[in-house]
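Below is one structure, written out as C-alpha cells; comments come after it.
Throughout, a chain's letter reflects where its sequence line sits, starting with A, and its residues are numbered from 1.
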Amino acid sequence: MPELPEVEITRRGIAPHVEGKTVTRVVVRDRRLRWPVPRGLDERLSGLTLLRVIRRGKYLLLDFGTGWLILHLGMSGSLRVTDPGSDPKPHEHFDLVFGTIALRLRDPRRFGAVLWTSGDVAAHPLIARLGIEPLSPEFSGTWLHANTRRRRAEIKPLLMNAAIVAGVGNVYANESLFRAGISPRTPAARLSRARCDKLAHAVAETLNAAIDAGGSSLRDFVHSNGASGWFQQQHFVYDRAGKPCRVCGTTIGLMRLGQRSTFWCRACQR
DNA sequence: CACCACTCCTGCCCGC
DNA sequence: TGCGGGCAGGAGTGGT
C-alpha cells in the first residue's frame, strides 16, 4: 500500500530517469482508474519536456511547464521505468513514453489516478485541500497542538485525514502512534503539548525510517516491478494482532477505528 | 464545520 | 482441489 514513504521512494526512483526528457507518446490501455484517464493526453503531452517530479502527500506531480500530470498510486499502484517496446503485463494501464524509455503504471485495483491540469497545480481541487506535509519543518508538536485543540476526533483517524496531515495512511499511523506511546483512541484535543511533540517526532521518524529502508532499492525502479523496496521494514504493530509486542511482549490488539484496522499495544500505548 | 459511513476494485486468504 | 465469501485500504463524496 503506497503511503507517503513509498510514493517518495517512487519519486526518487523515477526522477533521475525522466526529468529533462521529452514525451514522445502516451499510451492508455485502460482508462478506468478512480476517475477516467483524460482523453487527448498523447496530443497534449507529446513534445513537452518533463521539468521535474515532485510529491505532495501521496500524489506525484509531474511538471511540464504549461501544466502538470497528477498521478496517484491508490493502494495497489506502482510505477517503473521500462523499455516502451516491452510487452505490457496485466494491469499495466498507462505508459508515458520518453523516446527509448517509458514510465509504466501498473494498478490492479485501479484506485489510482492519472489527471492533467493546466496552470497552477496547487490550485487543483485534489491538491488544494491537502493538509500539512508531515516531513516539512512546519509540522511540529507546536503545529499539532495548535491544530487539534477543538478536535473531538480520536488521534488515529485524525492523523489519517489527508485534509489535516497529508500522506499518513493506516500502516504509518499505527506505527507512529506506537513509537509515540500514544493510544490510537486518545481524543486529539486531549493530547498535551509534550505528547504532541512526541507524536510529531514519531511521525517524521517513522516516515523517514521507511524512506531510508526503501532507498536501498531505488535501482529496482528500472526494469523491475518498482515495488520491491516496500515491505521490508519490520512493523512494531501493523498486521501483528495476537503477536507479542516487540518491546514489552504484551499481545498486540486489534480494533476498528474509523473503519480501519487499528493495531496497538495496550501496555506501551496509553 | 466536523465527523462518519459508504463506495470504488481486485488479489489474497480462509474454510468447506 | 476448487470455489465462494470476506477482507484489505486511499480518499472523495454525500449525509447527519
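Salt bridge Glu175(A)/Arg179(A): absent, no basic N to carboxylate O contact under 4.0 Å. Using a 4.0 Å cut-off between charged nitrogen and carboxylate oxygen, Glu92(A) and Arg29(A) do not count as a salt-bridge pair.
Taking atom CD on Glu175(A) and atom C1' on dG9(C), their separation rounds to 16 Å, with Å as the unit. In this structure, Leu130(A) places its CG atom 12 Å from C1' of dG12(C), rounding to the nearest Å. Regarding Asp239(A), its CG atom lies at a distance of 12 Å from the C1' atom of dC7(C), rounded to whole Å. The NE2-P distance, from His124(A) to dG12(C), rounds to 10 Å in whole Å. The distance from atom NZ of Lys156(A) to atom P of dA11(C) is 14 Å, rounded to the nearest whole Å. Counting to the nearest Å, the P atom of dC7(C) and the CZ atom of Phe263(A) are 13 Å from each other. In this structure, Asn174(A) places its CG atom 12 Å from P of dA8(C), rounding to the nearest Å.
Between the side chain of Ser86(A) and the backbone N or O of Asp83(A), at least one donor-acceptor pair lies under 3.5 Å. Judged by distance alone, the side chain of Asp63(A) and the main-chain N or O of Val53(A) form no donor-acceptor pair under 3.5 Å. Within the 3.5 Å criterion, the main-chain N or O of Arg256(A) finds no donor-acceptor partner in the side chain of Arg260(A).
Between dG12(C) and Tyr59(A), a contact under 4.0 Å exists linking OP1 or OP2 to a side-chain N or O. For Tyr172(A) and dG10(C), the shortest distance from a side-chain N or O to OP1 or OP2 is not below 4.0 Å.
Using a 3.5 Å distance cut-off with no hydrogens or angles, the side chains of Thr10(A) and Arg55(A) do not pair a donor with an acceptor. Arg266(A) and Thr250(A) share no side-chain donor-acceptor pair at under 3.5 Å. Asn174(A) and Asn170(A) share a donor-acceptor pair across their side chains, judged by distance under 3.5 Å alone.
Separating the CG atom in Leu60(A) from the CG atom in Leu73(A) is a distance of 5.5 Å, to the nearest 0.5 Å.
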Contact state string [nucleotides 3-15 of chain B, B base, S sugar-phosphate only, - no protein heavy atom under 4.0 Å]:
S-S--BBBB----
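Heavy atoms only, all atoms of each residue included: Ala166(A) and Gly131(A) are closest at CB-O, 3.8 Å.
Residue Ser261(A) is the one, among Ser261(A) and Arg129(A), whose nearest nucleotide of DNA chain C lies closer to the 5' end (criterion: closest heavy atom).
For the helix from dA2(B)-dT16(C) to dC16(B)-dG2(C), the terminal axes (five pairs an end, C1' atoms, rotation from four pairs onto the next four) enclose an angle of 40°, given to 10 degrees.
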For nucleotides 14-16 of chain C, print each protein N/O atom paired with a nucleotide N/O atom at under 3.5 Å, atom names and distance only.
none

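A chain of hydrophobic side-chain contacts below 4.5 Å, direct or via other Ile, Leu, Val, Met, Phe, Trp or Tyr residues, connects Tyr238(A) to Tyr172(A).
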